Amino acid sequence: MEVNWFVSARKKKLEDGWMSLSPTGVSDFIDCNLCGVRKFNGVQLPRIKYPSVPNGMDRVLKDLSNLYRLRGLPPELWRHELPGRRLYPDPPKKLSWRWEEERVIVTGEPDEWITEPDGTLSVIDFKTRGFPVKEVYPSYKLQADFYGLLSERVGGFPPLSGRGYLVYFYPELQETQCAWHVEVEELDINPKRARDFIKRVAPIIRGPVPAPTPGCETCEYLERENAWRSGGLRTMR
């Protein structure tokens with residue numbers, strides 16, 4: 001199998017049978033094949049206004065890690081939640097692997113890499129929320145499996161630990177100060193799950209447009225919208 005490093009343009013195309021897939025790009029397939037195909041082809045519902053705090057927080061957390069990288073230890077903000085771990089000294093910005101058998105380019109970009117006390121490697125994803133964690137979304141688990149697959153296939157890394165960490169940050173009041181509370185969720189990373197997922201969705205993307213998944217709220221909304229429009233628009237009075 002051919003292994004290449006490159007910076008992905010993150011533009012999904014089907015050229016000569018090849019396609020580029022990332023965990024965020026295929027996450028819609030978890031719930032609905034039709035929504036996954038829509039997203040792959042750039043057909044999505046209009047974006048709602050989204051708070052900029054999570055993206056800004058992710059950027060600051062990555063910059064903070066880089067300030068601590070020469071020391072090896074994680075930033076004090078979340079160091080005590082993962083005792084005994086050290087920052088990986090030279091993490092790649094983006095990973096890419098050409099899967100010849102499936103004609104798929106798999107891409108991904110973990111937020112951070114750490115080495116475990118036994119020398120194995122784990123990936124970290126930062127998540128900013130407004131309240132304590134209630135559940136781990138399936139898309140987060142898929143993302144961790146993708147990172148494990150890429151770490152395994154690209155090579156040049158220490159052995160994988162088989163674990164990934166979601167490091168959640170949410171605000172809380174501490175006496176008279178607003179502070180960030182840190183909570184860590186450990187995930188088991190299974191590269192095979194990522195490979196199986198890609199094997200499932202790649203033929204769907206290349207094939208005919210699939211039927212909507214029963215119970216998909218997006219598909220049901222679009223069906224109601226089309227039915228309403230086909231009946232003619234009525235003027236509100």
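Numbers for residues simply follow the sequence, beginning at 1. Just so you know, these numbers come straight off a predicted model, no measurement behind them. Atoms considered below: every heavy atom in the structure, side chains included; atoms not considered: hydrogens, waters and symmetry mates.
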Just do the side chain to side chain contact (heavy atoms under 4.5 Å, CB included) check on His181 and Phe131 with the steps written out, would you? CA-CA 10 Å; His181 180 86; Phe131 44 82; over 6 Å; no
May I ask you to decide if [Y]'s main-chain N or O and [X]'s side chain share a donor-acceptor pair within less than 3.5 Å?
X	Y	value
Lys39	Thr24	yes
Arg86	Arg71	yes
Asn33	Pro210	no
Asp145	Asn190	yes

Hydrophobic cluster identity match, [X] and [Y], side-chain contacts under 4.5 Å:
X	Y	value
Leu64	Val167	yes
Leu142	Leu21	yes
Leu150	Val123	yes
Ile114	Tyr88	no
Ile198	Val37	yes

Applying side chain to side chain donor-acceptor pair (under 3.5 Å), name anything that partners Asp188, two or more places apart in sequence or on another chain. Arg193
Sort and list the pairs that fulfil side-chain hydrogen bond (donor to acceptor under 3.5 Å, both in side chains) and have at least one residue in residues 133-142, not counting sequence neighbours.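 Matches after skipping sequence neighbours: none remain.
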Tell me whether the count of non-hydrogen atoms from other residues, nucleotides or ligands lying under 6.0 Å of CG in Leu67 goes above 12. yes
Please say whether more than 12 non-hydrogen atoms of neighbouring residues, nucleotides or ligands are located less than 6.0 Å from CD in Gln174.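 For Gln174, atom CD is crowded (more than 12 foreign heavy atoms under 6.0 Å).
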Derivation and outcome, side chain to side chain contact (heavy atoms under 4.5 Å, CB included), residues Arg38 and Leu222: CA-CA 12 Å; Arg38 283 196 189 104; Leu222 292 174; 3.4 Å; yes
Evaluate the side-chain proximity of [Y] to [X]: yes if any heavy-atom separation is below 4.5 Å, no if none is.
X	Y	answer
Asp125	Gln143	yes
Arg195	Trp99	yes
Pro91	Arg69	yes
Asp31	Thr213	no
Glu152	Leu160	yes
Leu34	Thr218	no
Leu61	Asp111	no
Ser65	Lys62	no

Partners meeting ring-ring contact (aromatic ring centres under 6.0 Å, His included) with Tyr168 (sequence neighbours left out): none
Residues forming a ring-ring contact (aromatic ring centres under 6.0 Å, His included) with Tyr68, sequence neighbours excluded: none
So which atom in [X] and which in [Y] form the shortest heavy-atom distance, rounded to 0.1 Å?
X	Y	value
Leu121	Pro158	CB-O, 4.1 Å
Ser96	Thr107	OG-CG2, 3.9 Å
Pro171	Gly130	CD-CA, 4.2 Å
Leu173	Glu175	CG-O, 3.5 Å
Ala202	Val104	CB-CG2, 4.4 Å
Cys35	Cys216	SG-SG, 3.5 Å

Please round to the nearest 0.5 Å and tell me the distance separating atom [atom1] of [X] and atom [atom2] of [Y].
X	Y	atom1	atom2	value
Leu95	Tyr147	CG	OH	9.0 Å
Arg98	Ser20	CZ	OG	10.5 Å
Leu149	Lys192	CG	NZ	12.0 Å
Ile124	Leu87	CD1	CG	7.5 Å

One pair to check against side chain to side chain donor-acceptor pair (under 3.5 Å): Tyr221 and Glu217. What are the steps and the verdict? CA-CA 6 Å; Tyr221 166 80; Glu217 294 181 356; over 6 Å; no
Determine, step by step, whether Met19 and Ile205 satisfy the side chain to side chain contact (heavy atoms under 4.5 Å, CB included) criterion, reporting the C-alpha distance in whole Å, the side-chain angles of both residues, the deciding distance to 0.1 Å, and the verdict. CA-CA 9 Å; Met19 69 176 76; Ile205 293 172; 3.8 Å; yes
Can you give the donor-acceptor pairs under 3.5 Å from side chains of residues 72-83 to other protein atoms, not counting sequence neighbours?
| from | atom 1 | to | atom 2 | distance (Å) |
| --- | --- | --- | --- | --- |
| Arg79 | NE | Pro74 | O | 2.8 |
| Arg79 | NH2 | Pro74 | O | 3.1 |

With Arg200 as the cation and Phe197 as the aromatic partner, state whether NZ or CZ is under 6.0 Å from the six-membered ring centre and within 45° of the axis.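 Cation-pi check for Arg200 and Phe197: passes.
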Determine, for Arg85 against Glu112, whether the closest basic-nitrogen to carboxylate-oxygen distance falls under 4.0 angstrom.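 The answer is no: the pair does not qualify as a salt bridge.
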Among all residues two or more places apart in sequence or in another chain, which pass the side chain to side chain contact (heavy atoms under 4.5 Å, CB included) test with Ser161?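 With neighbours one apart ignored, the set is Glu116, Thr120, Ser122, Arg163.
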Apply side chain to side chain contact (heavy atoms under 4.5 Å, CB included) to residues Met57 and Phe126 and explain how you reach the verdict. CA-CA 9 Å; Met57 188 68 177; Phe126 299 130; over 6 Å; no
